[in-house]
Amino acid sequence: MIEPTAEQIRDQELYKEMGLTSEEYEQVKGHLGRLPNWTEVGIYSVMWSEHCSYKNSKPLLRKFPTTGPRILLGPGEGAGVIDIGDEQAVVFKIESHNHPSAVEPFQGAATGVGGIIRDVFSMGARPVALLNSLRFGELDSSRVRYLFDNVVSGIAHYGNCIGIPTVGGEVFFDNAYDGNPLVNAMCVGIINHKDLQKGVAVGVGNPVIYVGASTGRDGIHGATFASEELNESSEEKRPAVQVGDPFMEKLLLEACLEMVEQNMLLGIQDMGAAGLTCSSAEMAAKGGQGLDLNLDLVPQRETGMTSYEIMLSESQERMLLVVEKGREAEIMAICDKWGLQSAVIGQVTDGNQYRLFQHGELVADIPVNTLVDDAPVYVREEKVPTYYVENESVDPTDALANIDANEAIEKILQSPNMASKKYVFQQYDYMVRTSTAVRPGSDAAVVVIRGTEKALAMSTDGNSRYVYLDPVNGGRIAVAESARNVVCSGAEPLGITDCLNFGSPEKPEVYWQLSKAIDGMSEMCEVLQTPVVGGNVSLYNETKGQPIYPTPVVGMVGLIEKREHITTQAFKQNGDVLILLGDTAIELGGSELQQAYTATIAGRAPILDSGKEKALQQAVLTAIRQGLVQSAHDVSEGGLALAVAESCISGNLGAKIQVETDYDPTLYLFSETQSRILLSVSKDKVEELVQTMEQFHVPAQVIGQVTEGNLEVHVNDQLVIDRSVAQLTNHWEEAIPCKMTASSTSTN
Amino acid sequence: MRFAVVVFPGSNCDMDLVHAIEDVLGEEVNPVWHHESDLSSYDAILLPGGFSYGDYLRCGSLARFSPVMEAVKKEAEAGKLVVGICNGFQILTEAGLLPGALMRNDHLQFRCEIEPISVEKADSAFTMHYEQGETVQIPIAHAEGNYFCDDETLQRLEASGQILFRYAGKNPNGALANIAGITNEKGNVLGMMPHPERAIVDWMGSPDGARLFTSMLAYWKENHAS
């Protein structure tokens with residue numbers, strides 16, 4: 001290919017093909033004091049893409065609380081770092097791989113996992129767990145089934161092979177994601193404080209070393225692709241999706257951790273989005289140094305690659321290192337042991353210039369700060385959407401009168417959103433590393449820390465229907481629910497990583513959703529003292545002009561002090577007393593009941609009172625630590641009815657519930673009022689538990705007991721639900737497998 | 001008793017096995033890099049699960065050429081205890097130390113779950129702490145665990161009591177005769193798809209795998225009584 005000249009780029013506005021606007025192109029000219037060449041335009045366009053620069057979201061992200069007494073490192077590096085005592089810390093981050101997964105689901109999802117693992121071990125941490133959060137259209141569509149199956153296989157392929165357990169996650173189906181699935185992957189690692197690494201280039205004359213897979217022509221301009229809307233021609237972007245090699249990454253992981261252990265590295269950064277460009281430019285900018293790279297020395301998979309292609313490639317499983325001059329041989333020795341190729345490709349220089357050489361010529365010469373620090377920032381226009389105004393007057397209960405509760409519980413247990421996700425998680429190795437104490441299927445997954453009594457609880461959560469109906473409350477709920485999940489497993493919430501999946505920020509209504517959701521999340525993070533330590537923004541999630549539901553996904557990590565505190569949602573013993581914490585109102589906007597019976601959502605999402613939420617979580621954690629709790633389960637989607645049913649199913653026990661209410665029994669049982677937790681408690685502990693709840697001013701109501709019989713629910717002395725647990729289990733377990741074996745020619 | 005856990009590039013259950021030996025037995029255990037050519041100082045050799053060489057080409061087909069495999073063969077011939085778990089089982093069949101092959105699961109998916117496994121023979125070096133016919137809970141995690149061999153081999157395996165473990169619930173992978181683990185004719189080389197190292201204490205979901213390791217130690221002590 002013959003590259004356009006600088007003049008052609010200007011005259012034919014070729015920079016627009018790479019995602020730069022005319023204004024941005026003018027800024028580039030100003031920074032360089034001349035016309036940029038093809039390689040330089042490519043470098044600016046990826047560095048200034050939303051994916052790398054957060055230019056549309058930065059002003060909003062500043063609202064997040066990011067500091068706290070335990071926070072060792074907030075947003076900005078590969079992943080956030082939080083102290084867990086004993087000179088150890090937890091390192092974690094979530095990231096999206098939405099667009100690649102939409103066009104090539106298997107490799108898109110696989111490389112999403114690979115990328116987030118590199119973010120964690122490039123900090124020097126040993127990855128110990130993976131989670132994910134997935135959104136698809138409805139399973140009636142054969143295209144959706146194809147996407148779903150291949151995304152799950154891709155995640156399994158990468159995580160299983162590299163040997164990091166995939167311990168938890170969530171899967172949600174809604175037509176809002178039909179053309180634009182969401183694939184968010186989270187990785188959690190553990191590190192000794194002394195091993196913490198940084199992505200910096202320091203020390204003039206120090207070598208820059210490339211380690212790992214060769215650079216090919218795959219994934220060129222992936223970051224730019226991720227920063228635009230999907231459309232009919234997106235299929236043509238398939239070459240922008242990379243191909244993952246988890247075996248290579250396993251070798252890279254072990255080699256890098258050996259270098260960390262032997263204290264060899266000054267700087268290390270993953271070549272992820274925007275590949276060699278982003279890693280090297282960010283390292284130089286952070287180190288306050290210039291950088292010279294000789295592209296002839298970059299290991300290449302193909303012949304005749306141009307500087308543009310080498311710099312923009314997103315080939316996977318590559319890492320960039322800076323070490324002290326003279327230690328190159330030590331690095332090479334470790335790479336040789338693991339069968340990895342490595343090459344010195346440049347050096348740290350004095351000053352601020354980022355210079356690339358190829359075939360003896362200077363092919364790019366850019367002031368490095370203009371790539372990173374001077375990226376444009378946009379504050380977009382916000383506008384309240386009309387749907388939001390119209391929903392003000394909608395009462396969800398109008399359309400939900402006279403529903404039989406027996407029928408409702410069966411129907412909702414079979415909804416793919418509420419049904420068992422065993423179909424998914426049985427494809428993931430969730431036990432490798434032999435640390436998984438709570439396997440997938442409870443409120444949060446729990447991974448023990450070897451050599452200590454401690455464990456980490458982790459969960460991913462985000463109810464986008466709530467956020468769509470009410471972004472402030474929906475944002476609060478996303479944080480609160482993920483915290484509630486880790487509390488229910490016996491952990492103190494430490495902090496979050498978030499993935500903000502939204503539509504185009506250039507639409508004022510979408511920007512409003514983003515802004516308000518961040519307000520709600522920030523408030524909840526403040527109250528729960530769970531700062532945001534990192535994450536990712538994925539905008540432009542639209543197909544055919546239609547944005548997805550606004551979907552902030554929260555990845556929460558909590559610390560369990562002692563293994564004996566580990567708690568699950570499963571009922572444990574016949575005769576245990578059931579206690580419902582929190583008040584119940586009738587809140588059905590965006591609920592499972594509403595979706596199941598009206599096939600749409602309307603009204604307002606449930607209200608979340610952050611003070612009540614905080615008290616509830618503190619009270620439950622205290623009770624668990626006092627040894628008063630047999631099981632704990634967050635009351636969320638599907639309300640009390642589903643919470644009881646899920647605890648019955650996972651414990652293979654029945655329950656007899658007796659409650660009084662002035663409301664319609666079905667509405668009461670399926671209401672999704674927030675800040676509620678269902679506990680089971682042995683009889684002799686009930687009194688003490690109620691006292692603990694009183695101390696925290698948390699309403700506690702005895703609502704029944706665990707039995708060995710059916711799930712029986714009496715409302716106002718009337719039997720409204722009476723179903724065998726075996727039958728409910730069957731409905732719940734078979735729903736997704738049943739959908740997946742449907743004829744592939746049925747629809748679409 | 002000294003245990004070696006062989007580490008191939010891509011092994012990922014190596015440290016799990018090391019920890020299991022430490023925690024269950026408290027005996028000496030060393031990870032051994034696949035370049036090692038002498039294993040004579042060890043009493044038992046364990047080939048861990050994982051994806052040696054990425055399982056590229058075919059599971060275990062590249063690992064069998066690792067230098068360490070000559071040493072494994074030598075020690076197996078000398079009567080030392082050799083256990084291959086999951087990928088280790090695949091490597092042992094590829095190396096010809098055990099008969100048969102592990103094919104892709106019949107449903108074509110990876111499968112991870114705790115399975116009921118029946119102990120078919122409780123008087124072996126690996127199972128003496130189990131009861132004959134007992135059903136234990138041990139996890140599986142594989143995409144290629146569908147054991148296959150020809151009729152003649154199967155008859156021989158059955159007749160000479162080489163089948164130590166069978167799946168006792170629903171067959172999770174299509175394995176012939178529900179086979180989950182077999183030994184060689186001499187009974188000193190075991191290959192099994194289930195992961196005993198993932199089931200050594202209650203919080204893991206089952207403690208039933210621990211007895212495989214205690215059996216090995218007891219066997220070794222019986223045969224090395226001073």
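Source: prediction; values computed, not measured.
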### From CG (A:Asp429) to SG (B:Cys13), nearest 0.5 Å
6.5 Å
### Task
To the nearest 0.5 Å, tell me how far A:Lys250 NZ sits from B:Ser52 OG.
12.0 Å
### Message
Tell me whether the count of non-hydrogen atoms from other residues, nucleotides or ligands lying under 6.0 Å of CD in A:Glu564 goes above 12.
### Response
yes
### Query
So A:Phe247 and B:Tyr53, would you call those rings parallel, tilted or perpendicular, with 30° and 60° as cut-offs?
tilted
Quick check on [X] against chain B: is it the side chain, the backbone, both or neither that has a heavy atom closer than 4.5 Å?
| X | result |
| --- | --- |
| A:Lys337 | both |
| A:Ser153 | neither |
| A:Tyr428 | backbone |

Residues of [range] contacting chain A, heavy-atom criterion under 4.5 Å, by residue number:
| range | answer |
| --- | --- |
| residues 17-39 of chain B | B:His19, B:Glu22, B:Asp23, B:Trp33 |
| residues 196-219 of chain B | B:Glu197, B:Arg198, B:Trp203, B:Met204, B:Gly205 |
| residues 101-114 of chain B | B:Gln109, B:Phe110, B:Arg111, B:Cys112, B:Glu113, B:Ile114 |

Could you tell me which non-hydrogen atom of [X] sits nearest to which non-hydrogen atom of [Y], and how far apart they are?
| X | Y | answer |
| --- | --- | --- |
| A:Cys161 | B:Gly54 | SG-CA, 4.4 Å |
| A:Gly163 | B:Asn12 | CA-ND2, 3.2 Å |
| A:Leu251 | B:Gly10 | CD2-N, 4.4 Å |

### Task
Among A:Asp149, A:Thr434, A:Val438, single out the residue with the greatest number of heavy-atom pairs under 4.5 Å to chain B.
A:Thr434
### Message
Which one wins on heavy-atom pair count under 4.5 Å against chain B: A:Ile162, A:Val152, A:Asp245?
### Response
A:Asp245
### Heavy-atom contacts under 4.5 Å, residues 439-458 of chain A to chain B
A:Arg439, A:Val448, A:Arg450
